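First comes the structure, then the notes that go with it.
Quick caveat: nothing in here was measured; it's all calculated off a predicted structure.
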Amino acid sequence: MALLSILRYPDPRLHTVARAVAQVDERIRRLVDDMLQTMYGSDGVGLAATQVDVHERVIVMDTSEQHDQPLVLINPEITWRSAEMALNEEGCLSVPQVYDRVERHASVIVRALDRAGRAFELDAQGLTAVCVQHEMDHLLGHVFVEYLSPLKRDRIRTRMLKKAREELRAR
């Protein structure tokens, strides 16, 4: 397994729409394992392949208390959304140290393939529903800051670019 580099906002590659996984094979299973290691190593609860510059429909998540229940979603599709909406604070490994409130469906049902390529359905609520929707946005080329006002988005973009320049100078 390997730690992968996570793209940071406003990297334009984060806006790439992911393509479907044609076959769940050893390459995809290795990607899943590397993504899980990267997510856990970054203290995250979800990671989409787009965030590690792989533009295929793969998500890993773990919203459990002990972070010991990894969930793999390959070619996920939301098949149902609740009418009820919920406002929750979100963060993102691609936008480190930035948190803000985003409104999403309170619950969703997702159909996907697991690490072995078997189809399953997930009835997601609470943090899991938020995470599924957040990560699926990445597969569509969207970052959560796009839900924020243009002023907030511009401030975050400026802060992220400044931080990237400072990191380059420090090398």
Side-chain angles (χ1 to χ4, degrees), residues 1-64 67-79 90-100 102 104 108-122 124 127-148 153 156-157 159-161 163-165 167-168 171:
M1 290 196 293
L3 282 176
L4 304 171
S5 293
I6 298 173
L7 299 177
R8 289 204 181 156
Y9 180 81
D11 191 308
R13 294 172 289 179
L14 288 169
H15 299 293
T16 304
V17 176
R19 66 186 179 281
V21 171
Q23 179 181 359
V24 180
D25 55 15
E26 193 52 43
R27 179 185 68 82
I28 294 297
R29 285 187 283 277
R30 190 171 33 259
L31 172 64
V32 163
D33 293 343
D34 291 347
M35 286 175 62
L36 282 167
Q37 182 177 3
T38 302
M39 178 189 74
Y40 287 127
S42 302
D43 203 26
V45 296
L47 185 67
T50 301
Q51 293 176 269
V52 294
D53 204 19
V54 176
H55 304 286
E56 293 183 84
R57 295 184 57 79
V58 178
I59 292 170
V60 297
M61 300 172 32
D62 189 342
T63 57
S64 67
H67 301 291
D68 61 355
Q69 296 174 32
L71 182 61
V72 175
L73 303 170
I74 299 170
N75 293 337
E77 289 178 61
I78 294 178
T79 59
E90 292 188 27
C92 182
L93 295 176
S94 290
V95 194
Q97 300 171 339
V98 173
Y99 301 90
D100 214 314
V102 175
R104 297 194 185 268
V108 295
I109 295 177
V110 182
R111 184 177 34 234
L113 301 176
D114 66 12
R115 188 181 183 284
R118 294 180 301 248
F120 72 99
E121 243 183 29
L122 172 69
L127 178 58
T128 302
V130 170
C131 192
V132 164
Q133 293 170 86
H134 176 110
E135 300 308 332
M136 286 189 68
D137 275 355
H138 279 298
L139 299 180
L140 296 172
H142 301 296
V143 181
F144 91 99
V145 297
E146 293 171 30
Y147 290 97
L148 308 178
R153 235 185 355 256
I156 292 167
R157 178 180 167 73
R159 184 176 358 154
M160 296 301 294
L161 289 170
K163 187 173 183 176
R165 282 192 303 272
E167 288 173 358
L168 276 175
R171 288 183 190 167

Under 3.5 Å: donor-acceptor pair, side chain of N75, backbone of A20: no
Stepwise side-chain contact (heavy atoms from CB on, under 4.5 Å) check, Y147 with D100: CA-CA 10 Å; Y147 290 97; D100 214 314; over 6 Å; no
Taken in chain and number order and not counting sequence neighbours, the residues that satisfy side chain to side chain donor-acceptor pair (under 3.5 Å) with H67 are none
Is a side-chain donor or acceptor of E77 paired with a backbone partner of R111 at a separation under 3.5 angstrom? no
Do any pairs count as a salt bridge (charged side-chain N to carboxylate O under 4.0 Å, His left out) and have a residue in residues 1-15, sequence neighbours left out, and if so which ones? R8-E167, D11-R13, R13-D53
Kindly write out the residues that satisfy side chain to side chain donor-acceptor pair (under 3.5 Å) with E90, not counting sequence neighbours, or none if the list is empty. R104, H134
Mind checking side chain to side chain contact (heavy atoms under 4.5 Å, CB included) for A124 and listing every partner two or more places apart, or none if nothing turns up? V108, L122, T128, A129, V132
P76: partners by side chain to side chain contact (heavy atoms under 4.5 Å, CB included), with sequence neighbours left out: R57, I59, L73, V110, A112, M136, L139
Could you pull out all residues at least two apart from R29 that satisfy salt bridge (charged side-chain N to carboxylate O under 4.0 Å, His left out)? E26
Set of residues satisfying side chain to side chain contact (heavy atoms under 4.5 Å, CB included) with respect to L161, sequence neighbours excluded: P10, R157, R165
Would you mind reporting whether V102 and Q133 have side-chain heavy atoms less than 4.5 Å apart? no
Please enumerate all residues that pass salt bridge (charged side-chain N to carboxylate O under 4.0 Å, His left out) together with R118, with sequence neighbours excluded. D114
Evaluate side-chain contact (heavy atoms from CB on, under 4.5 Å) for M35 paired with L4, printing each intermediate quantity in order. CA-CA 7 Å; M35 286 175 62; L4 304 171; 4.1 Å; yes
Looking at S94 and L7, would you say the former's side chain and the latter's main chain have a donor-acceptor pair under 3.5 Å? yes
Can you tell me how far the NE2 atom of H138 sits from the SG atom of C92, to the nearest 0.5 Å? 3.5 Å
dist L47:CG -> C131:SG (nearest 0.5 Å) comes out at 9.5 Å
Distance in Å, Q97 CD paired with M160 CE, rounded so as to fall on 0.5 Å steps: 8.5 Å
From CG (L31) to CG (L36), nearest 0.5 Å: 9.5 Å
Among pairs that include at least one residue of residues 30-47, which meet side chain to side chain donor-acceptor pair (under 3.5 Å), considering only residues two or more places apart or in two chains? D33-R115, Y40-D62
So CD1 of I6 and CE of M39: to nearest 0.5 Å the spacing works out to 10.0 Å
Go through the structure and list residues passing side chain to side chain contact (heavy atoms under 4.5 Å, CB included) with V17, not counting sequence neighbours. none
Taking only residues two or more places apart in sequence, or in another chain, which ones meet T50 in a side chain to side chain donor-acceptor pair (under 3.5 Å)? none
Only counting residues at least two apart or in another chain, list the ones meeting side chain to side chain donor-acceptor pair (under 3.5 Å) with E146. H15, H142
